[in-house]
2 protein chains.
Amino acid sequence: MNTTIKDIAKLAGVAKSTVSRYLNGGHVSEQTKAKIRKVVEETKYEPNSFAQSLKAKKTNFIGVIAPTLDSYVTSTVLMAIDEELRKRDYTTLIISTSKHVDREIESLISLSRQKVDGIILIATGVTEKHIETINSIQIPVLIVAQEVGHVTCIINDDYQAGFKMGQYVAQKGHRAVAYIGVAESDIAVGQRRKQGIMEGLKSAGVSDVKTFVSQFDLQDAARVTQEVLEESSLTAIICATDTIAFGAMKTITKLGKKVPKDFSIAGFGGYNISGVIHPALTTIRFKNEETGVMAAETIIKLTNGEEVPNLQVSGFDFIEGESVKSVKS
Amino acid sequence: MNTTIKDIAKLAGVAKSTVSRYLNGGHVSEQTKAKIRKVVEETKYEPNSFAQSLKAKKTNFIGVIAPTLDSYVTSTVLMAIDEELRKRDYTTLIISTSKHVDREIESLISLSRQKVDGIILIATGVTEKHIETINSIQIPVLIVAQEVGHVTCIINDDYQAGFKMGQYVAQKGHRAVAYIGVAESDIAVGQRRKQGIMEGLKSAGVSDVKTFVSQFDLQDAARVTQEVLEESSLTAIICATDTIAFGAMKTITKLGKKVPKDFSIAGFGGYNISGVIHPALTTIRFKNEETGVMAAETIIKLTNGEEVPNLQVSGFDFIEGESVKSVKS
DNA sequence: TACAGAAATGGAACCGGTTCCGTTTCCGTT
DNA sequence: AACGGAAACGGAACCGGTTCCATTTCTGTA
């Protein structure tokens, strides 16, 4: 049987209210403190946090809903969130939905039953149903990685990142450029990033860009790349993610061509592994740690009813690898 | 304000005990059911699970302590655990320790205060202090990935996997083989796997193997590989993990040598990325999903006081890539 | 030395559920 | 019509804490 505050009180010969005060730093005489301390140590008493939050109306839990755990971006953000929340005495409750969108809704509801103080939703897409559920549970929700009206959001600066990359590739002298992107249902990557790239290229004089659409996985990217390579005279391929870039490199290598000699390749992500691949991939590393910290800070503010900006933008670094070469123009 | 069972009772004109019975499938007349149902729907009532578990003495939470979230192995196991636990109506509480061993101890205690029903510890090393803490909290604990006496454990079949790989490399005709391992404080990888490899090699006639020790990260592996290559006449390097293998490949490539032409390389892990690298890495893929499911099943049995074997072993697949070539003997 | 205000403490109510117990109502059986 | 058992339901206690309130005991100051 677990020891309770009542047991401690009895053993120390005081009222349980006194024990509670002792534990929470209220007014207790040194003498009494000593008695209680002794009993607490002997019994290895640990307060029941459920009972505590029942009265406190505050659980110090923050729920985080993630589409998956096995992606570099998600896990980095998750680690940063967890780290920051821990510092502030919150417990992170991570729920993975295995990319089932339905489960995001379910999780929102189940977390609300757990009475978490706030929820961070790392999103890949946000539907009407999401918004509806978010409004129906009366708990603050923060959306990460996608932008939605009337909900607090943190996003990557996909437009600027795209612009930077587009400009870079164009300035390297490439004129025949292809883009392998993802479905437009993904506002952040499918739309904003693409738009940035296009305008970045344009700003440096490249306006005719062939675009293709791939899934997020390597296999599909490798497949799509075959189509891409049918375009003649191409010198550079910009890929929406590093994984897609790896897929492209795989296909190119398989065809006996070389990066960057025959084709220049660029990606977005900055995974650790990018440095292993030879040649090192030129890419954009989003500041995932910054995003995580920001998310933790923001959700805490929200639970305290403080004002926070409706949209916050997290930065990025440009990583110059060896996968994009200069061409004479 | 949140609606409580008391509000529902008042609105429906019944006692709260009746509402509770309605919610839990007790005897309630159809007429009353209808009344309550109506109120519950209108108010979007969600029971407070803290209050429930306070009385029930069961939270249906399982805590999982992981050293990090951003490793392929950990996240795969985690996903599988989560998936399986959800199926059985448990909520997974994931805690990442960012590789701070102290925090594993802290987390064990903090989880015990949350009154989780059981704890799964994905371990990289288990100290006396761990054992002590595990014994002091009165909650079942399952250790994954390391073997410890008197505690229920699930491990990979590191010995057999190593044996298989050692045998394979030797049978490919390699006689001058080096091994890049990890510290022996890691029983599973540092000792068992190594032992398997050595005996596998020996079984096929190779008994003189130079061994080296690296950290788990790529950079250190790349550094260690430089030393390794100072050995003359080497034809194959077996690496304790895929990451180490990537580091080795990086160094080899940097020196203008080729895999597998100049050196054959093998790893352990079977990360998704292994297929991208050219040449594809010959490796062992441990059945992480199987491990996760097993872990979930086992911890549930433990919380129910059922008997479980003290040690369970999870299997692996041998993945033949292109990174180990045949040499004429 | 008297007295006000703070400190110390116990008792009881409360948080939001579940469950036990006892009473009333309903139904079927003889 | 009388009776017994099950169904239906309300009231109260309980889970393990926190907190309010009232009472007693110290303090320090006039």
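All chains are named by letter (A, B, ...) in the order of the sequence lines, taking the proteins before the strands, and each is independently numbered beginning at 1. We use all heavy atoms of the structure for the numbers below, so side chains are in, but hydrogens, waters and symmetry mates are not.
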K.L.:
Just how far, in rounded Å, is P of D/dG16 from CG of A/L11?
P.N.:
15 Å
K.L.:
Can you figure out which of D/dC14, D/dG16, C/dA7 approaches the side chain of B/K55 most closely?
P.N.:
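Nearest nucleotide to the side chain: D/dC14.
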K.L.:
Can you list, by residue number, the residues of residues 32-42 of chain B that have a non-hydrogen atom closer than 4.0 angstrom to DNA chain C?
P.N.:
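Going residue by residue through residues 32-42 of chain B, none turns out to have a heavy atom under 4.0 Å of DNA chain C.
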K.L.:
Going by salt bridge (charged side-chain N to carboxylate O under 4.0 Å, His left out), name the residues that satisfy it together with A/E84, two or more places apart in sequence or in a different chain.
P.N.:
A/K87, A/R88
K.L.:
Tell me whether the side-chain N/O atoms of A/Q52 come closer than 4.0 Å to OP1 or OP2 in D/dT18.
P.N.:
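For D/dT18, OP1 or OP2 has a side-chain N or O of A/Q52 closer than 4.0 Å.
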K.L.:
Rounded to whole angstroms, how far apart are NZ on A/K6 and P on C/dG11?
P.N.:
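Rounded to the whole Å, the gap is 13 Å.
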K.L.:
Over how many whole Å does the gap from A/H27 atom NE2 to D/dC20 atom C1' extend?
P.N.:
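Result: 15 Å.
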K.L.:
Do you know which of A/D157, A/N288, A/T291 makes side chain to side chain donor-acceptor pair (under 3.5 Å) with A/S314?
P.N.:
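For A/S314, the side chain to side chain donor-acceptor pair (under 3.5 Å) check succeeds only for A/T291.
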K.L.:
According to a strict under-4.0 Å criterion, is B/N24 in side-chain N/O contact with OP1 or OP2 of C/dT18?
P.N.:
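So the side-chain polar atoms of B/N24 do come within 4.0 Å of the phosphate oxygens OP1 or OP2 of C/dT18, strictly under.
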K.L.:
Please list all pairs meeting side chain to side chain donor-acceptor pair (under 3.5 Å) that have one or both residues in residues 128-137 of chain B, counting only residues at least two apart or in different chains.
P.N.:
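Counting only pairs at least two positions apart or across chains, the side chain to side chain donor-acceptor pair (under 3.5 Å) contacts touching residues 128-137 of chain B are B/E104-B/H130, B/T127-B/H130.
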K.L.:
For A/K35, enumerate each residue passing the salt bridge (charged side-chain N to carboxylate O under 4.0 Å, His left out) test, keeping only those at least two apart in sequence or located in another chain.
P.N.:
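Once residues adjacent in sequence are excluded, A/K35 has no partner under the salt bridge (charged side-chain N to carboxylate O under 4.0 Å, His left out) criterion.
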K.L.:
Holding to salt bridge (charged side-chain N to carboxylate O under 4.0 Å, His left out), I want the full list of residues that pass it with B/E30, two or more places apart in sequence or in another chain.
P.N.:
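With neighbours one apart ignored, the set is B/K33.
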K.L.:
Measuring only between side-chain heavy atoms, which start at C-beta, is A/I94 closer than 4.5 Å to A/L69?
P.N.:
yes
K.L.:
Give the minimum heavy-atom separation between B/A15 and B/A9, together with the two atoms involved.
P.N.:
C-CB, 3.8 Å
K.L.:
Counting just side-chain N and O atoms, does A/T4 come under 4.0 Å of either OP1 or OP2 of D/dG16?
P.N.:
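The answer is no; no side-chain N or O of A/T4 sits under 4.0 Å from OP1 or OP2.
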K.L.:
Grab the CG-C1' distance between A/N2 and D/dG16 for me, whole Å please.
P.N.:
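Answer to the nearest Å: 11 Å.
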K.L.:
Could you state the CD1-P distance from A/I8 to C/dG10, rounded to the nearest angstrom?
P.N.:
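Atom-to-atom, A/I8 to C/dG10, this comes out as 15 Å.
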K.L.:
Can you check the A/K115 NZ to C/dC15 P distance for me, whole Å?
P.N.:
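After rounding, the gap between these two atoms is 15 Å.
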K.L.:
Of the options A/T91, A/L93, A/I62, which is the one that meets A/V116 in a side chain to side chain contact (heavy atoms under 4.5 Å, CB included)?
P.N.:
A/L93
K.L.:
At under 4.0 Å between heavy atoms, which parts of nucleotides 22-28 of chain C does protein reach? Answer with one letter per nucleotide, 5' to 3': B base, S sugar-phosphate only, - none.
P.N.:
-------
K.L.:
Are OP1 or OP2 of D/dC9 and a side-chain N or O of B/S29 less than 4.0 angstrom apart?
P.N.:
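So the side chain of B/S29 is within the cut-off, an N or O lying under 4.0 Å from OP1 or OP2 of D/dC9.
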K.L.:
Taking N or O atoms only and anything under 3.5 Å, show me the protein contacts with nucleotides 23-29 of chain D, one pair per line.
P.N.:
none

K.L.:
Check whether any side-chain heavy atom of B/L142 sits under 4.5 Å from a side-chain heavy atom of B/I154, and report yes or no.
P.N.:
yes
K.L.:
Are A/L311 and A/E147 packed together at the side-chain level, in the sense that at least one heavy-atom pair is separated by less than 4.5 angstrom?
P.N.:
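Side-chain contact under 4.5 Å: yes.
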K.L.:
Run B/T18 and B/R21 through side-chain contact (heavy atoms from CB on, under 4.5 Å) and show every step you take.
P.N.:
CA-CA 5 Å; B/T18 306; B/R21 269 187 293 261; 3.5 Å; yes
K.L.:
Rounded to whole Å, please give me the gap between CD in A/E30 and P in C/dT9.
P.N.:
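The answer, rounded to whole Å, is 10 Å.
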K.L.:
Go through it in stages, so that I can follow the logic: the residues are A/E83 and B/S98, the test is side-chain contact (heavy atoms from CB on, under 4.5 Å), and I'd like the CA-CA distance, side-chain angles, deciding distance and then a yes or no.
P.N.:
CA-CA 8 Å; A/E83 192 80 14; B/S98 307; 2.9 Å; yes
K.L.:
Taking C-beta and beyond as the side chain, do A/S53 and A/K115 meet within less than 4.5 Å on heavy atoms?
P.N.:
no
K.L.:
Could you run down the sub-3.5 Å N/O contacts of the protein with nucleotides 10-12 of chain D?
P.N.:
from: D/dG10; atom 1: OP2; to: B/A15; atom 2: N; distance (Å): 2.8
from: D/dG10; atom 1: OP2; to: B/T18; atom 2: OG1; distance (Å): 2.5
from: D/dG10; atom 1: N7; to: B/S17; atom 2: OG; distance (Å): 3.2
from: D/dG10; atom 1: N7; to: B/R21; atom 2: NH2; distance (Å): 3.1
from: D/dG10; atom 1: O6; to: B/R21; atom 2: NH1; distance (Å): 3.2
from: D/dG11; atom 1: O6; to: B/S17; atom 2: OG; distance (Å): 3.3

K.L.:
Which residues, if any, of residues 43-51 of chain B bring a heavy atom under 4.0 Å of DNA chain C?
P.N.:
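Contacting residues: B/Y45, B/P47, B/N48, B/A51.
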K.L.:
Evaluate the side-chain proximity of A/R103 to B/R86: yes if any heavy-atom separation is below 4.5 Å, no if none is.
P.N.:
yes
K.L.:
Is there a side-chain contact between B/N310 and B/H150 in this structure, where contact means two heavy atoms from C-beta onward sitting under 4.5 Å apart?
P.N.:
no
K.L.:
If you pin B/L54 and A/G26 to their nearest nucleotides in DNA chain C, which one's is more 5'?
P.N.:
A/G26
K.L.:
With side chains defined as the heavy atoms from C-beta onward, is the minimum distance between B/F216 and B/T124 less than 4.5 Å?
P.N.:
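Heavy-atom side-chain distance check fails, nothing below 4.5 Å.
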K.L.:
I need the full list of ring-ring contact (aromatic ring centres under 6.0 Å, His included) pairs touching residues 21-50 of chain A, with sequence neighbours left out, sorted by first then second residue.
P.N.:
A/F50-B/F50
K.L.:
With side chains defined as the heavy atoms from C-beta onward, is the minimum distance between A/Q114 and A/T59 less than 4.5 Å?
P.N.:
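They are not in contact (no side-chain heavy atoms under 4.5 Å apart), so the answer is no.
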K.L.:
Would you please confirm or rule out a distance under 4.0 Å between OP1 or OP2 of D/dT18 and any side-chain N or O of A/K57?
P.N.:
no
K.L.:
Determine to 10° how strongly the helix from C/dT1-D/dA30 to C/dT30-D/dA1 is bent, judged from the axes of its five-pair ends.
P.N.:
40°
K.L.:
Going by salt bridge (charged side-chain N to carboxylate O under 4.0 Å, His left out), name the residues that satisfy it together with A/E42, two or more places apart in sequence or in a different chain.
P.N.:
A/K38
K.L.:
Rounded to the nearest Å, what distance is computed from the CG atom of residue A/D7 to the P atom of nucleotide D/dC15?
P.N.:
10 Å
